[in-house]
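Data first, discussion second: the structure below is written as structure tokens.
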Number of protein chains: 2
Amino acid sequence: MRSRTNQVSGVAEMLVLRCLSEREMYGYELVQAVRELSNGELDMRESLLYPLLHGLMADGCLGRKATVANGRQRLYYRLTAKGRRRLEAMIEEWRGMVKAVNRVIG
Amino acid sequence: MRSRTNQVSGVAEMLVLRCLSEREMYGYELVQAVRELSNGELDMRESLLYPLLHGLMADGCLGRKATVANGRQRLYYRLTAKGRRRLEAMIEEWRGMVKAVNRVIG
DNA sequence: TGACCATACCTCTGGCGGAAAGGTATTACA
DNA sequence: TGTAATACCTTTCCGCCAGAGGTATGGTCA
């Protein structure tokens, strides 16, 4: 299937970008944020999240800041301008795809 | 990502089952039906469709009837009871997933 | 004290959905 | 006669994502 580009899935990336558009977050926090915001319906795996974060960094969509809290390392990620643009594009894509699928299933 | 089972994607299968829930159709017809019903937004590739149809047959979700029209072979597929149950489950799954994602993106 | 869970980062492997590309045969039409 | 549409199909490859596991620190409870 192809909606327009490629994003029938790729939902995970959109959700990460969306969470970070509100405020900086670190990885472990993102996993829980997605779970809580979706009322436990969505389960972001760390094996998906971390490669995703690294990829988005490499693409210039995210920046990162290292801190320490309670003796534990924390890597806070924040959206760049490019990341924000990508988020907007993905949300638009998402809404279009959902609308199209809903038209078919009635 | 995981919504509940695995169907963040798998949208193609749902759409095929949905089309066939209205009436029997053959493969080539399904490609166009999805395109037209979605106003050209969704593009079902044949390389995805045919393996999908064969898999659904093997799973007992579809039955098939061979005919000839205008000298061309046509293989009409129809939903079995099992296929109908699967369709209902997938639609429910789909709606839940969309709702969950929309909660996150707001 | 030692066991165990939560926090916090990460990697490797492999399956499967799906895109790209191409193949075969018949009919319709310019 | 050659090109497009109809109608079926396969092979190849990539990226998303789950499963499983690994490392280290801090807090809690027996």
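Order of the sequence lines sets the chain letters (A, B, ...), proteins ahead of strands, with each chain counted from 1.
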Legend entry - Nearest-Å distance for atom pair CG/P, residues L15(B) and dG17(C): 15 Å

Inset, instruction - Let me know the distance between CE of M14(A) and C1' of dC16(D), rounded to the nearest Å. - result: 14 Å

Legend entry - Which atom of A33(A) lies closest to which atom of C19(A), heavy atoms considered: CB-SG, 4.4 Å

Extract all donor-acceptor atom pairs below 3.5 Å that involve side chains of residues 48-60 of chain A and protein atoms in other chains or at least two apart in sequence.
unit_1: H54(A); atom_1: ND1; unit_2: Y50(A); atom_2: O; d: 3.3
unit_1: D59(A); atom_1: OD2; unit_2: R86(A); atom_2: NH2; d: 3.2

Inset, instruction - May I have the distance from R45(B) (atom CZ) to dA21(C) (atom P), rounded to whole angstrom? - result: 9 Å

Inset, instruction - Look at R23(B) together with E29(B) and state whether they make a salt bridge at an N to O cut-off of under 4.0 Å. - result: yes

Legend entry - Polar side-chain atom of R74(A) near backbone of T67(A) as donor-acceptor pair, under 3.5 Å: no

Inset, instruction - Indicate yes or no for a side-chain donor-acceptor contact from R103(A) to the backbone of S38(B) under 3.5 Å, with no hydrogens or angles considered. - result: yes

Inset, instruction - Return the value, rounded to whole Å, for the distance between atom CG of L30(A) and atom P of dT7(C). - result: 15 Å

Legend entry - Crowding at CD, Q32(B) (>12 non-hydrogen neighbours, <6.0 Å): yes

Legend entry - Contact pattern, 5' to 3', of nucleotides 3-9 of chain D - B, S or - by protein heavy atom under 4.0 Å: --BBBBB

Inset, instruction - Could you state the atom-to-atom distance from CD of E13(A) to P of dC17(D) in whole Å? - result: 9 Å

Inset, instruction - Specify the separation, in whole Å, of atom CG of L49(B) and atom P of dT10(D). - result: 11 Å

